[in-house]
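Chain naming here is simple, since letters A, B, ... match the order of the sequence lines and numbering starts at 1 in each.
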Number of protein chains: 2
Amino acid sequence: MNKLPTIKEIAKRLNVSVSTVSRALRDHPSIGLVTTMRVQKVAKEIGYEVNRSAIHFKERKTYSIGVVLPSLSEPFFSAALTGVEDAAEANNYNVIIGQSLENFEREKRIVENMKDHRVDGILVSLTKETSTYDHFDNLKKYNIPVVFFDRVPNKRDINFVSCNLHSGMLQAISKLVSMGHKRIGLINGPAKLAATRQRLQIYASCLKENQLVLEQDIIVSTDLSKAGNLKAIHKLIALDESPTAVIVFNDYVLLDCIAAVKAAGLKVNSDISFVSFANLPIWEYMDSLPLASIEQFAYRQSSMAAEFLFKLINNAAIPGATELPPLQHIIDSEMVLYHSAK
Amino acid sequence: MNKLPTIKEIAKRLNVSVSTVSRALRDHPSIGLVTTMRVQKVAKEIGYEVNRSAIHFKERKTYSIGVVLPSLSEPFFSAALTGVEDAAEANNYNVIIGQSLENFEREKRIVENMKDHRVDGILVSLTKETSTYDHFDNLKKYNIPVVFFDRVPNKRDINFVSCNLHSGMLQAISKLVSMGHKRIGLINGPAKLAATRQRLQIYASCLKENQLVLEQDIIVSTDLSKAGNLKAIHKLIALDESPTAVIVFNDYVLLDCIAAVKAAGLKVNSDISFVSFANLPIWEYMDSLPLASIEQFAYRQSSMAAEFLFKLINNAAIPGATELPPLQHIIDSEMVLYHSAK
DNA sequence: GCATTTTACGCAAACGGTTGCGTGAAAATT
DNA sequence: AATTTTCACGCAACCGTTTGCGTAAAATGC
């Protein structure tokens with residue numbers, strides 16, 4: 001346990017005060033040139049490095065931000081994390097990670113833990129289960145700013161970056177219509193999810209914008225289990241007049257749908273076309289591709305959220321600063337075509 | 001910027017000294033019961049919480065560990081991270097993340113940054129590029145222990161947990177032999193990778209243990225690019241006497257191989273069988289499965305590595321403790337059959 | 001040559017909590 | 001009743017660095 005050299009050590013060697021050393025190391029103008037040089041020379045010799053813990057303590061900052069998100073096994077979130085990391089590095093921050101694993105209690109524990117460790121700010125993408133936000137509101141007391149991204153609370157006056165699914169969906173549905181599709185179904189998620197309600201609403205408006213009528217029989221939902229997914233797609237292909245195209249809740253659901261459709265003897269992209277919400281980067285390896293995916297820009301969302309967070313952190317650091325208004329941004333999604341070549 | 005309550009605040013209110021408050025809050029026996037109660041009551045009333053930064057500073061600990069790994073977009077590493085998180089939570093630590101993205105310079109920067117932030121220890125899975133370890137040796141000076149997992153340095157006297165591929169490979173090759181395969185090829189990685197040399201060696205010994213001879217013509221390699229992967233598999237299927245089974249470097253390579261084999265009109269698992277090293281959890285959705293994968297237990301490796309790290313950290317904390325010998329463990333890989341049912 | 005400004009540095013407090021040691025008063029022992 | 005022990009608490013240093021303020025000495029002005 002050999003101690004690391006401190007500024008005291010340098011002071012002792014040079015017979016100057018610690019304050020002089022401290023200033024000399026930071027090139028403070030009120031320290032003479034020769035002294036400054038001598039201090040810096042000795043500092044280098046004995047391998048001095050500032051003890052950030054001391055500074056953090058003094059400044060009441062830790063120079064680390066927390067990011068809590070559902071699961072890094074989802075490519076969307078691991079891409080998002082990279083966005084956070086890059087922004088953090090640019091701001092000389094480091095990143096404390098917490099995976100909520102879609103578990104509300106775990107999310108609460110993680111936030112609590114991050115608060116205890118006095119992170120300077122927190123980025124969050126919510127659990128599917130999360131519908132109360134007390135554990136975040138609570139952070140105000142500690143002056144810990146929070147920015148949400150992608151999975152954001154249904155609430156005003158919060159800082160967030162999210163993705164507008166409408167633009168991508170409109171592109172997709174317009175594309176389908178231009179290809180002659182008239183019955184475009186929807187396999188939605190569980191009713192309790194905010195994402196589900198949102199998708200339905202956007203789906204409806206996109207149909208309208210293409211002069212198509214909303215037909216309830218081609219709107220089904222899945223609980224996101226494999227069985228649920230299969231049930232949903234079967235319901236659609238069993239109809240007298242099946243939809244020729246289907247918007248699917250996400251790529252995982254789509255994988256099951258494609259398998260089911262094939263098993264039923266139908267051909268993907270000729271008998272039935274799919275559009276999904278992109279979260280898997282594996283389509284290039286698959287035999288059957290969806291027509292398109294709706295890209296939600298994980299990296300852009302998270303890095304912009306991180307920028308917001310640093311803005312809030314830095315603003316709080318300047319003494320008389322007035323509180324910033326809520327920082328909010330919505331990124332347009334985009335359709336990405338896969339099958340166009342064939 | 002309203003200040004958080006401190007122990008001074010409590011002391012003032014109760015007209016006792018801060019030391020008494022400090023002790024009362026931790027139920028120190030030398031403080032009278034009534035005083036203790038009064039202190040704790042006031043503490044609760046004003047919502048006091050310890051400032052960990054202060055303690056961290058005093059104890060010269062940050063109660064956070066760093067984990068640096070190639071990329072969380074690989075399911076192997078995101079599973080590994082979950083193992084680290086769970087172990088960290090059990091030990092009241094938090095986890096600072098850094099993705100090296102297979103970039104040596106970035107790995108160095110991350111380690112440097114973690115050192116600056118005085119993490120109590122670091123877990124590492126190396127970049128493919130990494131072949132020098134000075135940036136880790138350097139951490140000794142700061143008493144920051146390091147434990148490697150999965151991708152470990154080729155070096156003695158280090159702490160590590162890794163996975164022995166031999167056991168899984170032996171199971172797989174034995175299985176293939178029992179199914180009648182006699183020519184079992186290998187698509188290996190780039191020569192410069194340590195993993196490549198290791199796989200070749202194990203492949204050779206497993207053949208030997210099954211009384212098969214090593215044939216150079218059915219050992220090919222890929223640079224892991226798509227083109228390289230295709231070239232490798234084509235080389236094998238173009239042989240007069242193609243192998244009936246192939247051990248493949250990893251799942252990404254395998255995806256290309258399967259596509260190529262199909263395109264060539266061959267049937268997977270009848271004309272040619274594959275065994276790969278598991279890193280993708282997506283096989284359940286694929287049309288063509290490999291016969292088996294060799295499971296390397298990301299979660300187990302990383303959580304054991306984390307345990308090692310905490311052992312080292314805690315050992316360093318007790319004053320007269322002698323240094324621990326290198327903590328090392330090798331987990332046996334296992335074959336996981338996919339195709340057995342069909 | 002004396003008053004004034006500037007230069008270069010030191011002192012000490014502060015950040016929040018922990019802890020070894022000291023001490024007066026109460027309790028126990030003889 | 002005198003002595004010893006126990007109890008309950010306070011004092012002060014410490015962790016490493018920053019920073020406002022004070023001040024000798026040097027430089028400048030007249």
Query raised in the report: Salt bridge between B/Arg151 and B/Glu102, side-chain N to carboxylate O under 4.0 Å?
Result: yes

Query raised in the report: In whole angstrom, what separates A/Leu14's CG from C/dA8's P?
Result: 17 Å

Query - Shortest side-chain distance from A/Ser30, nucleotide among D/dT17, C/dA8, D/dC14 - result: C/dA8

Query raised in the report: How long is the gap from NZ on B/Lys155 to OG1 on B/Thr132, to the nearest 0.5 Å?
Result: 10.0 Å

Query raised in the report: Any idea which of C/dC9, D/dG10, D/dT18 is nearest the A/Ser22 side chain?
Result: D/dT18

Report summary line: Walking DNA chain C from its 5' end, the first of A/Thr35 and B/Ile7 to be reached, judged by nearest nucleotide, is A/Thr35

Query raised in the report: Between C/dC9, D/dT17, D/dA8, which one does the side chain of A/Val50 approach most closely?
Result: D/dT17

Report task. May I ask you to check whether over 12 heavy atoms, not counting those of A/Asn154, lie within 6.0 Å of atom CG? Result -> no

Query raised in the report: Counting side-chain heavy atoms from CB outward, which of C/dG10, C/dG17, D/dG10 is closest to B/Thr20?
Result: D/dG10

Query - Spacing between A/Asn15 atom CG and C/dC11 atom P, to the nearest angstrom - result: 11 Å

Query raised in the report: Does B/Ser17 put a side-chain nitrogen or oxygen below 4.0 Å from OP1 or OP2 of D/dG10?
Result: yes

Report task. Provide, to the nearest angstrom, the distance between the CD1 atom belonging to B/Ile31 and the P atom belonging to D/dC11. Result -> 13 Å

Requested in this report: Would you mind telling me which of C/dC9, C/dC15, D/dC15 lies closest to the side-chain atoms of A/Phe57?
Outcome: C/dC15

Report task. Round to a whole Å and report the spacing from NZ of A/Lys12 to P of C/dG10. Result -> 15 Å

Report task. For B/Lys311, look at atom NZ and say whether over 12 heavy atoms of other residues, nucleotides or ligands are found less than 6.0 Å away. Result -> no

Query - Short side-chain N/O contact from A/Arg23 to OP1 or OP2 of D/dT19, under 4.0 Å - result: no

Requested in this report: Determine, for B/Glu45 against B/Lys41, whether the closest basic-nitrogen to carboxylate-oxygen distance falls under 4.0 angstrom.
Outcome: yes

Query raised in the report: Is there a donor N/O on one and an acceptor N/O on the other, under 3.5 Å, for the side chain of A/Ser19 and the base of C/dC11?
Result: yes

Query raised in the report: OP1 or OP2 of C/dC15 less than 4.0 angstrom from a side-chain nitrogen or oxygen of B/Lys8, does that happen here?
Result: yes

Report task. Examine C/dG17: is either OP1 or OP2 under 4.0 Å from a nitrogen or oxygen in the side chain of B/Arg26? Give yes or no. Result -> no

**Report entry** Gap between atoms CD and C1', on A/Glu59 and C/dA14 respectively (whole Å)
**Finding:** 13 Å

Query raised in the report: Starting at NZ of A/Lys58 and ending at P of D/dG20, how long is that distance when rounded to a whole Å?
Result: 9 Å

Query raised in the report: Between B/Leu25 (CG) and C/dT18 (P), how many Å, whole number?
Result: 8 Å

Query - Nearest-angstrom distance from the residue atom NE2 of B/His28 to P of C/dG17 - result: 17 Å

Report task. Write down the atom of A/Tyr299, the atom of A/Ala79, and the distance for their closest heavy-atom approach. Result -> CD1-O, 3.8 Å

Report task. For D/dG16, take OP1 and OP2 only and decide whether either is under 4.0 Å from a side-chain N or O of B/Arg60. Result -> yes

Query raised in the report: Looking for any heavy atom pair under 4.0 Å, which part of the strands does A/Val21 touch: base, sugar-phosphate only, or nothing?
Result: nothing

